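See structure below.
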Amino acid sequence: MVVSLVYLLIYSLYKHYYLPYRVLQRTGLPFDRPTYLVGNKFDFDPSLLHERQLERQKKYGLVYGEFFFTVPTIFIADPEIIKSIMVTHFSNFCNRFQAINLPSLFEKSILRIADEPWKRIRTTMVGSFSVAKLKCMQNLISDSCRILMARFEESFYESKKIALIKPCEHFSMHILLAVAFGIEFESVKDERKITEAVNILFSNTPVGLRVVMMLSMRAWEALERLMGGNFQSSIDYLEKIVMNVIKDRRNNIKLKKPCRQDILQLLIEAGDKGKLTDEEIVAQVFFLMAGGYQTTATTLMFALYSIATNSNVQEKLYDEIQAKYDNSNCQVDYNFVSELPYLGMVIEETTRMYPPVIFPDRGVKEDIVINGLLIPKEVMIGFPTYAIHHNPDYWPNPEEFRPERFSPEEKAKQIPFSYITFGDGPRQCLGVRLAKLEIRMAIVNILLKYELFPVKETEIPLKLKSLGTMIPANEIVLGLKKR
Ligand code: HEM
C-alpha cells in the first residue's frame with residue numbers, strides 16, 4: 001500500500017510537475033517556479049488576472065511562460081507573433097487548448113470541437129450572423145430595448161439614478177433567449193424561472209468551484225450534487241425547453257406555418273439538411289448563451305460608464321445621433337445605428353479599455369518556430385488581451401478614453417493585431433456583429449431619452465474583476481437627466 005502510494009506520488013510529480021516544467025524550459029522563456037498541481041495560479045489573486053497581465057508584461061516583456069495549473073502556457077503580447085498564430089500559421093493553431101473541464105453538454109459546442117467538425121459547424125453557423133439575418137432579428141432586439149428603457153424609466157422616477165448591472169444583464173440575456181433559445185415568454189412566472197436557470201449556469205462561477213471543475217469534473221459533479229444540484233437541474237430544464245421549441249418549429253415547418261427567423265431556426269434548418277444533429281444544435285445554443293451573455297452585458301455597462309464619465313464624448317455622440325434622428329424620422333434599427341460612425345468608435349474604444357475576454361487561447365498541433373520563438377506542441381498559447389490593450393507602445397496614454405483612436409485616419413496607423421477584443425482570423429468571435437448591433441441599439445435608445453452623468457456612488461476609476469470574463473468589481477451607478 002505504502003509502496004503504491006509512493007509510486008503514485010512520484011509518477012504524479014513526474015507527469016504534473018517535471019514534464020510541464022521541462023516543456024517551458026525548452027523554450028528558453030522566463031517564468032516563475034510553479035507549485036505542484038496549481039502551477040502559478042495562486043501566485044496572485046485569481047480574480048485580478050488583468051492586473052497580473054500588466055505586472056508580467058512589466059517584468060518579462062511581451063512573451064513569457066506561466067503554469068495554468070499543470071498546463072505549461074506561453075503568453076504572447078507581440079502583435080507580429082499573434083498574427084502568425086491567428087492567421088499565417090492558422091492550420092497549426094486552429095484548435096483551442098482544452099485546459100478546463102466543462103459539463104458534457106458543452107463538449108459538442110463550437111468552443112470545444114476541433115479540426116473538421118469545427119469547420120463544418122462554423123461554416124453552418126456563420127450564416128446566422130449575416131447582415132440579412134441580423135435584420136430579421138432586429139425586432140427582437142427592439143423588444144429587449146423597450147424592456148431596458150422601461151427599467152431606466154422606473155429608476156428615473158424612483159431616484160434619478162440607475163444601477164447598471166441587472167438591467168444590462170437582463171437585456172443581453174433576453175435577446176439571447178429570443179434569438180438562440182427561440183423562447184417566447186408565455187408569462188412573467190415563466191420568464192422568472194427561465195432567467196433564474198440561465199443565471200445559475202452562465203453568471204461568473206466562483207473561483208473555488210472553477211478550481212474544482214478544472215481539476216476533476218467528477219469531483220465537481222459530486223460537490224454540486226451536495227450543494228443542491230442547481231447547476232445540473234438548470235441544464236436539464238433549459239435543455240428540455242430548447243428541445244420542445246425545436247419540436248414545435250419542426251411541426252410548423254411541416255405544416256408550412258411561418259417560423260421566426262432567428263439563430264435557432266437556421267440551426268434547425270441545417271439539421272434538417274443533415275448538417276447538424278439535435279445534440280449538436282443544443283450544444284451550440286448553450287454555448288451562444290455562454291459566449292454572448294456576460295460579454296455583451298458588461299460591454300454595454302462599460303460603454304455607458306465611459307460615456308457618462310466623459311461628457312465631451314457624450315455630447316459629440318448625442319449630436320451625431322440627434323442629427324440623424326431628426327433628418328430621417330425613423331426607427332432605431334440596423335440601418336439607423338450602422339450609419340453612426342462615432343458610436344462605432346466609442347464602442348471600439350470601450351472594448352479596448354475594457355476587453356471582456358482577456359485570455360483567449362489556442363492549442364498547438366506540431367512544434368514550430370516563429371520569429372525565433374520555439375512553440376512546443378504541448379503548450380497552451382494565451383493572449384493577454386488586457387495587457388496588449390494597455391501597452392503604451394501601441395496605445396499612447398492607454399488609460400485615457402479617446403474614441404478618436406478608432407477614426408479611419410488613426411485606425412490606418414494602428415499596429416495590426418494590437419486590438420483583439422474579438423480575437424482574429426478564422427477562429428474570431430462569431431457573434432461580433434450581433435453584439436455590436438445590440439450595444440449600438442441600446443446606447444442610441446438610452447441617449448435619445450437621457451443624459452448620463454457620474455454621481456457620488458460612481459466609482460472613478462472603475463475597479464475591475466477578471467474571472468471568466470472581465471467585469472466591474474462593484475455596481476456601476478449613474479445619474480439620469482431627461483432630455
Ligand atoms: C462584446 C461581446 C463579445 C466579446 C468581447 C466576445 C469575444 C470573443 C472572443 C475573444 C472569442 C475568441 C476568439 C478567438 O479565439 O480568436 C470569441 C469566440 C466566440 N464568440 Fe464571442 N464575444 C462577444 C459576444 C458574442 C456573442 C453575442 C456571440 C453569439 C451569440 C458570440 C459567439 C462566439 C462564438 C460562437 C465564438 C467561438 C468561435 C469559434 O471558436 O469558431 N460572442 N468571442
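Numbering of ligands and ligand atoms starts at 1, following listing order. These figures come from a predicted structure and were not determined experimentally.
Residues Gln53 and His389 have side chains that never bring a donor and an acceptor to within less than 3.5 angstrom of each other. Judged purely by distance below 3.5 Å, without hydrogens or angles, the side chains of Asn474 and Glu459 pair a donor atom with an acceptor atom. Checking Ser84 against His89 by side-chain atom types alone, no donor-acceptor pair falls below 3.5 Å. For the residue pair Gln294 / Glu169, a side-chain donor-acceptor distance below 3.5 Å is found, with atom types taken as modelled. Under the 3.5 Å distance criterion, with hydrogens and angles disregarded, a donor-acceptor pair is assigned to the side chains of Arg249 and Gln265.
Within the 4.0 Å heavy-atom criterion, both parts of Thr421, backbone and side chain, lie near ligand 1. Of the heavy atoms in Met125, none comes closer than 4.0 Å to ligand 1. For Thr299, every heavy-atom contact with ligand 1 shorter than 4.0 Å involves the side chain, none the backbone. The parts of Arg427 lying near ligand 1 are both backbone and side chain, judged by heavy-atom distances below 4.0 Å. Here Arg96 has side-chain heavy atoms under 4.0 Å from ligand 1, and that is the only part of it that gets that close. Under 4.0 Å from ligand 1, heavy atoms of Cys429 appear from its side chain as well as its backbone. The backbone and the side chain of Leu430 each have at least one atom closer than 4.0 Å to an atom of ligand 1 (non-hydrogen atoms only).
Between Tyr450 and Phe152, the ring planes lie tilted relative to each other; the angle falls in the 30° to 60° range.
Regarding atom 24 (C) of ligand 1, its nearest protein heavy-atom neighbour is Thr295 OG1, 3.5 Å. When hydrogens are left out, the protein atom nearest atom 34 (C) of ligand 1 is Phe287 CE2, 3.5 Å; that is the closest non-hydrogen contact. The shortest contact between atom 32 (C) of ligand 1 and any protein heavy atom is with Gly431 N, 3.6 Å. Looking only at heavy atoms of the protein, atom 30 (C) of ligand 1 is closest to Leu176 CD2, 3.5 Å. Among all protein heavy atoms, the one lying closest to atom 16 (O) of ligand 1 is Arg362 NH2, 2.8 Å. The closest protein non-hydrogen atom to atom 26 (C) of ligand 1 is Gly292 CA, 3.5 Å. The nearest protein atom to atom 4 (C) of ligand 1, hydrogens excluded, is given as Phe422 CE2, 3.4 Å; this is a heavy-atom distance.
Those atoms of ligand 1 that come under 4.0 Å of a heavy atom in Gly423, given as number and element, are 10 (C), 13 (C), 14 (C), 16 (O). Below 4.0 Å from some heavy atom of Val357 lie the following atoms of ligand 1, by number and element: 7 (C), 10 (C). Annotation for ligand 1: atoms under 4.0 Å from non-hydrogen atoms of Pro356 are 5 (C). Every atom of ligand 1 with a heavy atom of Arg122 under 4.0 Å away is listed here by number and element: 38 (C), 39 (C), 41 (O). Taking a cut-off of under 4.0 Å to the non-hydrogen atoms of Asp424, the atoms of ligand 1 that pass are 16 (O).
A salt bridge does not link Glu55 to Lys58: none of the charged side-chain nitrogens sits closer than 4.0 Å to a carboxylate oxygen. A salt bridge does not link Lys465 with Glu51: none of the charged nitrogens is closer than 4.0 Å to a carboxylate oxygen. Ion pair Asp424/Lys83 not flagged as a salt bridge, since none of the NZ, NE, NH1 or NH2 atoms sits closer than 4.0 Å to an Asp/Glu carboxylate oxygen.
The aromatic ring centroids of Phe406 and Tyr419 lie less than 6.0 Å from each other.
A donor-acceptor pair under 3.5 Å links the side-chain atoms of Arg352 to the main chain of Pro398, judged by distance alone. Listed for the Ser234 side chain is no donor-acceptor partner under 3.5 Å among the backbone atoms of Gln232.
Taking the side chain as every heavy atom from C-beta outward, Lys133 and Gln261 approach each other to under 4.5 Å.
Within the structure, ligand 1 lacks Leu111 among the residues with a heavy atom less than 4.0 angstrom away. For Trp118, the heavy-atom gap to ligand 1 drops under 4.0 angstrom.
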